[in-house]
Amino acid sequence: MSCLELELSKENKFKEDSKFESESQELTLDGSVNFYGRPAIRAKSGRWSAATIILLNQCLATLAFFGIGVNLVVFLTRVVGQNNAEAANNVSKWTGTVYIFSLVGAFLSDSYWGRYKTCAVFQVIFVIGLMSLSLSSYLFLIKPRGCGNELIPCGKHSNLEMVMFNLSIYLIALGNGGYQPNIATFGADQFDEEHSREGHNKVAFFSYFYLALNFGQLFSNTILVYFEDEGMWALGFWLSAGSAFAALILFLVGTPRYRHFKPSGNPLARFCQVLVAASRKVKVQMPSNGEDLYNMDTKESSANMNRKILHTHGFKFLDRAAFISSRDLDNQKSASYNPWRLCPVSQVEEVKCILRLLPIWLCTIIYSVVFTQMASLFVEQGAAMKTTVSNFKVPPASMSSFDIVSVAVFIFFYRRILDPFVGKLKKSDSKGLTELQRMGVGLVIAVIAMLSAGIVECYRLKHADQTCTHCKESSTLSIFWQIPQYTFIGASEVFMYVGQLEFFNAQTPDGLKSFGSALCMTSISLGNYVSSLLVSIVMKISTEDHMPGWIPGNLNKGHLDRFYFLLAALTSMDLIAYIACAKWYKSIQLGEKPKENDEPSSFTV
């Protein structure tokens, strides 16, 4: 080999080594940091290695939660001794409380703790609640031993025992509620959206996250529900506690791989500052072209690494908060300004973003009323149908397994078939249906699900024994006729809830990402409360003149079908309102992510 060839070989090797070293030390572009607060190195953090741990954690935590939640209505009727309407109402209230606590978790995460610490703390609370429920059930509630299996009735419980039971289930509600919105956003944080490939993976993550959630439900809705339906409640609860503990350990094991974002401070204070500043300038004459508005300087912007939000027209009253008055110019000379008199455009736009999201969010609540029927009335309807196949008895709560299978099938169908097909039809850079369009499709399928459930109930009543006393399995109609309604609910979830997760994550400002996920959960929460309220109103009206009502303890004497048709009508009206809100909605306009080495600039207009 000649000297020239040798030199060229060394030079090429040096270039390859330099390129490899550069790639291995490449920093993320979105401002994420590692556990020690240093800029995250792309090759050593995040991506699918960290996201997979989070998906497994979500699967185990969901298994634990739904091991309690999916059969709670049966536990309340068999062990605690409540009637159908009372149990359905209490489950709706409890489930609603779970999702209300999501706002607490989101607030702590976005403001002070960050997503990692918030997830860890609330998972510990979740484990404590599950262990407390397992102990209190085994020691106090399940008496005599083996009761609660539909054959052996449980005895009455003291006030202290019921206090311990309620404390346990609401600890579970606090732990799961505070953890749930943050784990979804924390998983998305593992992908750099400023990087083309990781940005695409971030969108895909939400589909896989919802799939992991449903796989966790699959085990709880089959194996655990079977144990509990046979009266082995304590065993089912202990398995749930074990699953939650394993999820916590797995989450902590992944600590060195995670990417983090620094919390942005109290959003409530920022919102109040905008409202107060705008109110104090109510008499100020504003320019029509949107000029003379205060833009945050680079030093302030790069302090929290949040992207600037560009000025938009609409909610013009709030623009007054960013208008630079003569008094504000005087404050500039003293190198300070009062945040209760003058707010940056990004801070004003943060408030506008939330105000624009609220009508869309409100329209998702009625869908959540439909969704919550799976954990209450669908189960009670199934219990009044023929549940035996040969010598095997199908637990009514396990029918939600068909919902989970439907979710898995439709996620694959949407991502692999429908999304590329619609993208080709649109012939544009944007792929497939938008998040808002998908949520609209979810509402349409929800209407079909309620119509299906109502029709099945009509046929169940036709095949029911009207003279029965307890009316379990009193209809000769097989429980498998519930499969279509569960399948339609599963299909609607893929379009509504996955689309909702993506939508709120994309449309909330950088400092409110956990709040965006919490909005999804809060719509489920209010859906449960509205469902509870709706059941109470329906029962009050339909039981007048000594009538049994639409949802009595003996479903054969009621008209559950009318309740389902009522939900179909309400969802149809909600769809019309949603279309109007979706057409009105304007997307958030974001600037570039600030660099850490940006030099501070002056007070700018």
Side-chain angles (χ1 to χ4, degrees), residues 103-104 106-112 262-362 507-516 518-519 522 581 584-591 594 598 600-605:
L103 290 174
V104 177
F107 175 79
L108 290 172
S109 171
D110 287 334
S111 304
Y112 305 111
K262 297 174 183 177
S264 301
N266 189 344
L268 294 178
R270 299 198 300 272
F271 283 23
C272 290
Q273 285 169 355
V274 170
L275 296 176
V276 171
S279 300
R280 294 172 87 170
K281 297 177 183 177
V282 68
K283 295 182 180 180
V284 171
Q285 193 70 28
M286 291 283 294
S288 58
N289 54 9
E291 294 180 353
D292 298 329
L293 299 180
Y294 168 45
N295 279 301
M296 182 187 299
D297 65 28
T298 309
K299 180 181 179 181
E300 190 177 355
S301 177
S302 60
N304 54 23
M305 295 304 291
N306 288 340
R307 288 170 291 185
K308 289 184 179 180
I309 310 175
L310 305 181
H311 178 257
T312 59
H313 298 288
F315 298 105
K316 290 190 176 182
F317 171 78
L318 295 176
D319 286 341
R320 296 176 182 276
F323 179 71
I324 302 174
S325 65
S326 56
R327 181 173 176 180
D328 297 321
L329 288 172
D330 291 337
N331 288 336
Q332 180 198 2
K333 295 175 183 177
S334 62
S336 66
Y337 73 91
N338 183 355
W340 295 93
R341 279 196 60 87
L342 181 65
C343 302
V345 168
S346 281
Q347 187 176 339
V348 174
E349 290 298 322
E350 201 174 43
V351 179
K352 288 184 183 181
C353 286
I354 300 305
L355 292 177
R356 288 192 181 105
L357 286 172
L358 288 180
I360 300 291
W361 172 73
L362 288 171
Q507 296 300 313
T508 46
D510 289 339
L512 291 169
K513 293 297 184 185
S514 294
F515 176 75
L519 279 178
T522 311
C581 292
W584 169 82
Y585 182 77
K586 292 180 181 178
S587 297
I588 187 173
Q589 302 294 321
L590 293 168
D598 282 340
S601 62
S602 62
F603 192 80
T604 56
V605 177

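Looking at heavy atoms from C-beta onward, Leu268 lies in side-chain contact with Phe107 at the 4.5 angstrom threshold. Residues Arg280 and Val276 are in side-chain contact: their nearest non-hydrogen atoms beyond the backbone lie under 4.5 Å apart. No side-chain heavy atom of Val274 sits less than 4.5 Å from a side-chain heavy atom of Glu350. By the 4.5 Å heavy-atom criterion applied to side chains, Pro263 and Ser109 are not counted as neighbours. At a threshold of 4.5 Å between non-hydrogen side-chain atoms, the residues Ile588 and Arg356 do not count as touching. In this structure the side chain of Val348 never reaches within 4.5 angstrom of the side chain of Leu293, judged on heavy atoms.
To the nearest 0.5 Å, the span separating CD on Glu349 from CD on Gln589 amounts to 9.5 Å. Once rounded to the nearest 0.5 Å, the distance linking CZ of Phe323 with CG of Leu318 reads 15.5 Å. For the atom pair OH of Tyr585 and CG of Leu358, the computed distance is 10.5 Å after rounding to the nearest 0.5 Å. Rounding to the nearest 0.5 Å gives a distance of 7.5 Å between OG1 of Thr312 and CG of Asp319. Distance check: Leu362 CG to Leu357 CG gives 11.0 Å after rounding to the nearest 0.5 Å. Going from atom CH2 of Trp584 over to atom CD1 of Ile360 covers 8.0 Å, rounded to the nearest 0.5 Å.
Closest non-hydrogen pair, Cys343 versus Ala277, comes out as SG-CB, 4.0 Å.
Side-chain atoms of Gln507 do not come within 3.5 Å of backbone N or O of Cys353 as any donor-acceptor pair. Remark: the backbone N or O of Arg341 is paired with a side-chain donor or acceptor of Lys281 at under 3.5 angstrom. Under a 3.5 Å cut-off, the side chain of Asp110 and the backbone N or O of Phe515 do form a donor-acceptor pair.
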Step by step, work out the side chain to side chain contact (heavy atoms under 4.5 Å, CB included) result for Ile354 and Phe271.
-> CA-CA 10 Å; Ile354 300 305; Phe271 283 23; 3.6 Å; yes
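Residues passing the salt bridge (charged side-chain N to carboxylate O under 4.0 Å, His left out) test with Arg320, sequence neighbours excluded: none.
Of the charged side-chain nitrogens involved, none lies within less than 4.0 Å of a carboxylate oxygen, so that Asp510 and Lys262 do not count as a salt-bridged pair.
No hydrogens or angles considered: nothing links the side chains of Ser264 and Arg270 as a donor-acceptor pair under 3.5 Å.
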